[in-house]
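Below is one structure; the comments refer to it alone.
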Amino acid sequence: MTYKNENTLHRLESQGNGECFHTSYEREVERLLDEVKESPLNHPDHIDGKERLSAHRFRDVSPGDERLLVGVFQRGHSGDVNDAVRASRNAFPMWSKMDWAERMRFFTEAADIMRRRKYELAAAISLDNGKNRYEAVADVDEAIDFINYYCSEMRRNNGFERMGDPPYPEEEVRVLLRPYGVWAVICPFNFPLAITTGMTVAALLTGNTAVLKPSSSAPLPVHLLYDVLDQAGLPDGVLNLVSGYGTEVGDPLANHPTIDGVAFTGSIQVGQEIMRSAPLGRPRPVIAELGSKNPIIVSLSADLEKAAQGVTSSAFGFSGQKCSACSRLYVHEAVFDEFMLMMVEMAENLTVGSPFERETSIGPLITKTSMDNYLRWTRKASRDGKVLTGGSRDRTGALTHGYYARPTIVTGLPDAHELMQKELFAPLLCAQPCSSLSEAVLKSNSTEFGLTAGLFSRDQTEISEFLEGIEFGVVYVNRERGGSTGAMVGGQAFAGWKVSGSTGKGTGSIHYLPQFMREQSRTVCR
């Protein structure tokens, strides 16, 4: 079976029938907004196939308009985590012994359901984390891609079972990858459906059971994922969901003594704490993607217009709230001033606005804390460097009720400056001139991160030097649609080097599923 990328298919469909795309999305947005304005739902947790309500709850508001209550979610605790882990443990023998092809049928059905509910899911993403319609629909498409790709990998590898070479004539050897047991899946806010689906389906498809913890900043799409898998017929207890804050749910889950593995996407600080949290004497896998400080290099030979487009989309898409976002820019000194003028013009032409509006390029930051951080960092940028554009909150009209930040470009910061070294998760791009490609590569490699990087050059010698010297897991050359962003499932493996990842293996790649399993050789003598 040939794997077909859903995002590619979607782009072809939307090019041929763009108005249908917009109408379908807008219809679901209208329905969802009517629902939350009239009576916001109290979303239960799910343990062993049963709904659970907590004594304490939290209110989730939309970052695009904090007057909109997305819903009420349970504020779980360690007792809920214990019950969820126990339910997963009890379901594991049945689920792990099920033939992989039979397990796979649940997920192919889930992909079909997602496809039918695409615009409903996209509307929920826009409401809960502020993605514009294009990014929200792409989030759903990527979730479908993850399911289809991982199912294709199970099929291609025959469930990761093969005959071994027998060392003796009377021996028959079979080598298998077998599931670990119960996994904790801890979700990010920025790709609440796509990344969550990728981690969850990988764990379950390979025979593990799991406990799912949504981000408290964007829990709705994760609850809808559970609903999709439940609708697909997933047996009780195979997947359990406990929502709540990190200290009350995330920590007890990651630190639970009987959790067999952790899949996590988020900050380096939390990821490193999880890696240190394994019970003494009981090692376990941690598959973590931990963000980055991603550079793009523009050389003297670059096509500057193409480069400006690639940098702009990567630096400011989804307000820079992507672990692959470009936040450092190194430009050859001979074209630096010209290129900065182009960048400023492109940044100022981006439309900051409600995620529901058709013309919106950039929606809101996710929380008030994110906005406060952005304003603090832009003050530092203004104090220690030169802000070319942006640096302020956009309070135009209805935007005053959301967390809208202007795309910001700053120059003149020293290499060791906090803004040049720290992952910001905001629309803030730090640019520096460089005298050579070698200098730019050296500076690019100077941080502890190593997720994505890009180069714009028409010189083949420079391209080779960049590819051989750059210390990042996902690299792009002359990619106008995204100079450091936009990895496609099954196409570009999304692997973090150095502190950007715990395994050096990428999501959406041939190496991802085996990380959720351990190897066993079975020898039978005749």
Side-chain angles (χ1 to χ4, degrees), residues 292-318 320 322 324-350 361-362 385-390 407-415 419-420 427-447 449-488 491-492 494 497:
S292 194
K293 187 70 176 174
N294 307 297
I296 292 179
I297 300 169
V298 179
S299 84
L300 181 60
S301 70
D303 179 326
L304 296 188
E305 188 171 327
K306 179 184 288 188
Q309 182 59 54
V311 174
T312 299
S313 62
S314 290
F316 303 128
F318 190 43
K322 299 178 182 179
S324 57
C326 173
S327 58
R328 290 184 292 157
L329 176 62
Y330 299 109
V331 183
H332 193 280
E333 59 191 11
V335 294
F336 183 80
D337 291 340
E338 177 186 358
F339 192 72
M340 286 300 100
L341 289 174
M342 296 174 66
M343 284 298 305
V344 167
E345 182 180 2
M346 283 196 175
E348 292 179 348
N349 283 333
L350 295 172
S361 306
I362 299 177
K386 181 180 180 181
V387 174
L388 301 184
T389 187
T408 302
I409 301 173
V410 59
T411 62
L413 296 175
D415 292 332
L419 302 184
M420 293 293 297
L428 202 165
L429 177 65
C430 302
Q432 283 188 344
C434 284
S435 61
S436 66
L437 178 69
S438 299
E439 179 191 357
V441 169
L442 186 64
K443 289 188 173 186
S444 295
N445 291 338
S446 66
T447 70
F449 297 104
L451 184 55
T452 71
L455 168 70
F456 286 89
S457 172
R458 287 181 284 201
D459 184 318
Q460 190 56 51
T461 301
E462 287 186 332
I463 293 172
S464 298
E465 179 184 346
F466 169 79
L467 292 175
E468 290 301 314
I470 200 72
E471 296 172 357
F472 288 74
V474 192
V475 297
Y476 305 96
V477 176
N478 296 326
R479 196 164 190 255
E480 184 176 2
R481 66 169 50 96
S484 69
T485 56
M488 301 295 285
Q492 289 99 4
F494 198 70
W497 287 18

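Basis for what follows: all heavy atoms, side chains included, without hydrogens, waters or symmetry-related copies.
- A donor-acceptor pair is defined here as one N or O able to donate and one able to accept, closer than 3.5 Å; such a pair exists between the side chain of Ser292 and the backbone of Leu451.
- Side chain of Thr389 to main chain of Val344: no donor-acceptor pair is present (N/O by atom type, distance under 3.5 Å, no hydrogens or angles).
- The environment of Glu305 atom CD is sparse: at most 12 non-hydrogen atoms of other residues, nucleotides or ligands sit within 6.0 angstrom.
- Within the 3.5 Å criterion, the main-chain N or O of Ser301 finds a donor-acceptor partner in the side chain of Arg458.
- Of the possible polar contacts, one joining the Asn445 side chain to the Gly469 backbone as a donor-acceptor pair under 3.5 Å is found.
- To the nearest 0.5 angstrom, Met342 atom CE is 5.5 Å from Leu304 atom CG.
- A donor-acceptor contact shorter than 3.5 Å is absent between the side chain of Asp303 and the backbone of Ser457.
- For the atom pair Ile463 CD1 and Glu468 CD, the distance stands at 12.5 Å (nearest 0.5 Å).
- Within 6.0 Å of CD in Glu345 there are 12 or fewer heavy atoms belonging to other residues, nucleotides or ligands.
- Judged by distance alone, with hydrogens and angles left aside, the side-chain atoms of Ser314 form no donor-acceptor pair with the main-chain N or O of Val311 at under 3.5 Å.
- The minimum heavy-atom distance between Ala453 and Phe472, with the atom names listed, is CB-CG, 3.8 Å.
- Formation of a donor-acceptor pair under 3.5 Å by the Asn294 side chain with backbone atoms of Ser484 is not found in this model.
- No side-chain donor-acceptor contact under 3.5 Å links Ser324 to the backbone of Thr485.
- Among all heavy-atom pairs drawn from Leu413 and Gln432, the shortest one is O-NE2, 2.8 Å.
- Remark: Leu341 CG to Glu338 CD distance equals 8.0 Å, nearest 0.5 Å.
- Here the CG-SG distance, from Asp415 to Cys430, works out to 11.0 Å after rounding to the nearest 0.5 Å.
- Side-chain N or O atoms of Arg328 include one that pairs as donor or acceptor with a backbone N or O of Lys293 at under 3.5 Å.
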Determine, step by step, whether Val331 and Cys434 satisfy the side chain to side chain contact (heavy atoms under 4.5 Å, CB included) criterion, reporting the C-alpha distance in whole Å, the side-chain angles of both residues, the deciding distance to 0.1 Å, and the verdict. CA-CA 6 Å; Val331 183; Cys434 284; over 6 Å; no

Is there a side chain to side chain contact (heavy atoms under 4.5 Å, CB included) between Leu429 and Val410 once you walk through the steps? CA-CA 6 Å; Leu429 177 65; Val410 59; over 6 Å; no

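- In terms of heavy atoms, Pro407 sits closest to Leu350 at CG-CD1, 4.2 Å.
- Distance check, rounded to the nearest 0.5 Å: OG1 of Thr452 to CZ of Phe494 gives 6.5 Å.
- Minimum heavy-atom separation, Trp497 to Glu471: CE3-C, 3.5 Å.
- Remark: side-chain polar atoms of Arg479 are paired, donor with acceptor, to backbone N or O of Gly486 under 3.5 angstrom.
- A 4.5 Å side-chain heavy-atom check between Phe466 and Val477 finds at least one atom pair inside the cut-off.
- Note that CD of Glu333 is 15.5 Å distant from CZ of Phe339, once rounded to the nearest 0.5 Å.
- No side-chain N or O of Ser438 forms a donor-acceptor pair with one of Ser436 less than 3.5 Å apart.
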Starting from the C-alpha separation in whole Å, work towards a yes-or-no answer on side chain to side chain contact (heavy atoms under 4.5 Å, CB included) for Tyr330 and Val298. CA-CA 6 Å; Tyr330 299 109; Val298 179; over 6 Å; no

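- Defined by atom type and a distance below 3.5 Å, a donor-acceptor pair is present between the side-chain atoms of Glu462 and Ser299.
- Across all their heavy atoms, Leu300 and Val335 have their closest contact at CD1-CG1, 3.9 Å.
- Across all their heavy atoms, Ser313 and Gly482 have their closest contact at OG-CA, 3.6 Å.
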Show your working on side chain to side chain contact (heavy atoms under 4.5 Å, CB included) between Leu455 and Asn478 and close with a plain yes or no. CA-CA 6 Å; Leu455 168 70; Asn478 296 326; 5.8 Å; no

